[in-house]
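Remarks on the structure that follows.
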Amino acid sequence: MYLLTKKTIIFALVFIFVACSEQQNQVAETGQTLEQTVHTPYSEGDAIPATAYIEHNEVYNAESVIPPQCYTKTQGNNNPCYACHQTYKDSPNRPNTMNDADLQGEYQFSDLGTTNHWKNLFVDRTKLIEGISDEEIKDWISQDNYSEFVNKFSQDPNWQGEVTPIKNLAKPSLAFDDKGLATDGSHWVAFNYKPFPSTFWPTNGSTGDAMIRLPKAFREIDGQFSTDVYFANLALVEMTMKETQSISTIPLSEQALGEDVNGDGELTTKVENIRLRSHYLGDAKNIALSHLLYPENTEFLHTVRYIGVNDDGTIYNAQRMKEVRYMKKHSFKDKAELASEYYLEAKEKHFENLPQVHLLGDKGVNSNMGWTLNAYIEDAKGDLRHQNSQELAFCAGCHKTIGSTLDQTFSFPRKVEGARGWGYINLAKQQDAPNVGEEQGEILTYFQRVGGGDEFRQNKEMLQRWFNQDGSVNSKKVTQAQSVYQLITPSAQRAIKLNKAYLSIVREQSFIFGRDANITAATNVLQQVDESQSPLAPEHRYKWDMRLDWNKGLTSSQVKVD
């Protein structure tokens with residue numbers, strides 16, 4: 001029932017020669033040689049290019065919601081699973097009731113899902129990237145492909161999806177002020193957050209950022225934009241997502257707000273702390289806060305970028321974007337409604353039914369949890385294009401069906417707390433803070449639980465930097481690191497290789513086979529899952545909260561961001 005039928009495979013094979021020919025023409029336009037195209041990295045009999053599946057609307061992987069990391073070999077004690085799969089039955093007010101911590105202890109795949117379809121994991125790209133010079137890749141990543149992307153979609157009369165322009169987004173220092181507020185009047189706000197372990201660590205392939213935008217009523221008072229109202233409401237959203245009673249904020253005028261927000265009984269012109277309250281402020285004063293849930297029509301924008309390398313070897317968020325990802329909470333669902341949706345998800349998984357992904361055409365994907373997800377990715381020339389249905393289905397795997405998320409999001413609950421967290425992401429201004437309920441730094445804990453610096457334990461540079469020869473973590477060295485930047489960014493040499501590896505995937509347009517920028521073939525990854533075996537021994541399964549305890553403060557060192 002779950003396996004691809006012979007008819008489907010034969011259908012795809014019929015078109016392989018036409019598809020290969022078209023792919024050669026597409027690749028030739030990027031400057032890649034014919035020899036590179038003909039000699040694909042895939043085995044004979046398995047050389048159907050990704051473009052053929054897309055062109056002929058053949059589903060390559062109906063279980064694309066299972067990310068590559070789920071196929072990691074654990075050896076019974078290396079646990080990267082805990083970061084996603086969690087149960088919080090001791091938190092009855094938590095809206096996310098997926099409660100999937102059992103996935104740390106057992107495989108629950110459909111018949112189709114037991115086969116690892118992410119075959120780009122097993123490609124050794126060392127030969128493929130030899131033809132890309134350092135000068136070529138540095139020139140490639142320094143190009144702004146976002147501005148033209150916005151122009152193209154905003155001028156397309158047939159485009160029905162969202163358009164989210166931020167002027168100068170390729171160069172964040174121009175796009176945002178020191179509070180993170182977009183300088184173009186779009187009201188997007190960038191925030192400094194700790195990247196989720198460990199796919200989003202720069203050492204494992206990409207840099208990135210995140211922006212939030214609250215609805216118009218949350219930004220205004222009496223119909224007029226107010227920075228005081230906006231940042232006060234942003235602080236209230238942060239408090240409800242972090243379950244805190246008060247939080248620091250950028251200086252606010254209580255007189256402009258017309259409310260005593262710090263609870264001292266006075267209306268002053270400058271307060272730097274706000275207390276939790278029942279309702280939002282300004283023109284959103286009639287909207288109540290909802291525990292661990294964003295207001296309706298909250299938007300997030302997330303760019304995934306190449307790894308920029310300065311002349312001095314420091315790392316920054318490159319101008320060129322690999323992907324632009326967008327989320328909008330198109331409808332508000334309360335805890336009871338969400339519980340019903342999570343129950344249906346759990347039921348589908350129990351009966352090993354294939355996932356249902358509700359596609360909305362230009363608008364992206366409906367998560368069924370109140371969110372619309374949309375995403376864009378580079379075409380073979382490097383221009384950002386709308387992701388096709390198979391590529392979009394990948395998004396639902398993390399933003400829908402895992403237990404650790406808060407209202408289906410990752411980045412905002414991990415924002416540096418309070419006033420210090422408003423502004424463009426800067427890893428050098430973060431220390432390795434512990435997760436809520438834990439004592440030692442999150443990154444040190446991850447190293448110890450996973451046995452490596454990435455889910456696949458194949459990042460040799462991380463192993464050499466932070467691990468002893470016997471495979472144990474060098475805890476002293478990790479705790480002496482001055483910042484998160486020092487812990488999770490690659491050397492300039494590794495960054496350049498990772499950029500080249502990803503560019504080879506772009507030229508192949510093989511994203512449905514995997515987007516991970518692996519330099520060499522993965523060795524600690526299962527190609528076939530044996531469900532009769534438990535992935536992890538009981539003593540190596542963990543409870544975890546993705547939120548962080550920032551009480552240790554921040555470092556003062558900084559690096560250039562562009």
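Treat the numbers as computed from the prediction; the structure is a model and nothing was measured.
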Problem set entry | Any donor-acceptor pair under 3.5 Å from Glu220 side chain to Ala217 backbone | no
Exercise. Should the pair Trp422 and Phe231 be assigned to parallel (<30°), tilted (30 to 60°) or perpendicular (>60°) ring geometry?
Worked result: perpendicular
Problem set entry | Sequence-distant partners of Phe511, ring pair (Phe, Tyr, Trp, His ring centres under 6.0 Å), two or more places apart | none
Problem set entry | For Ser246, side chain to side chain contact (heavy atoms under 4.5 Å, CB included) partners two or more places apart | Asn273, Arg275
Seminar exercise, completed: Taking every heavy atom of Ala396 against every heavy atom of Val65, the minimum-distance pair comes out as CB-CG1, 4.2 Å
Exercise. In chain order, what residues pass the salt bridge (Lys or Arg N to Asp or Glu O under 4.0 Å) check against Asp549, with sequence neighbours excluded?
Worked result: none
Problem set entry | Contacts of type salt bridge (Lys or Arg N to Asp or Glu O under 4.0 Å), residue Asp134, not counting sequence neighbours | Lys500
Problem set entry | Derivation of the side-chain contact (heavy atoms from CB on, under 4.5 Å) call for Ser248 and Glu272 | CA-CA 6 Å; Ser248 66; Glu272 297 181 349; 5.9 Å; no
For this session: Measure up the Phe153 and Trp159 rings against each other and bin them: parallel (under 30°), tilted (30 to 60°), perpendicular (over 60°).
Result: perpendicular
Problem set entry | Contacts of Arg277 that satisfy salt bridge (Lys or Arg N to Asp or Glu O under 4.0 Å) - sequence neighbours left out | Glu259
Exercise. Centres of the Trp371 and Tyr326 rings: under 6.0 Å?
Worked result: no
Exercise. What residues, two or more places apart in sequence or in another chain, satisfy salt bridge (Lys or Arg N to Asp or Glu O under 4.0 Å) together with Lys152?
Worked result: none
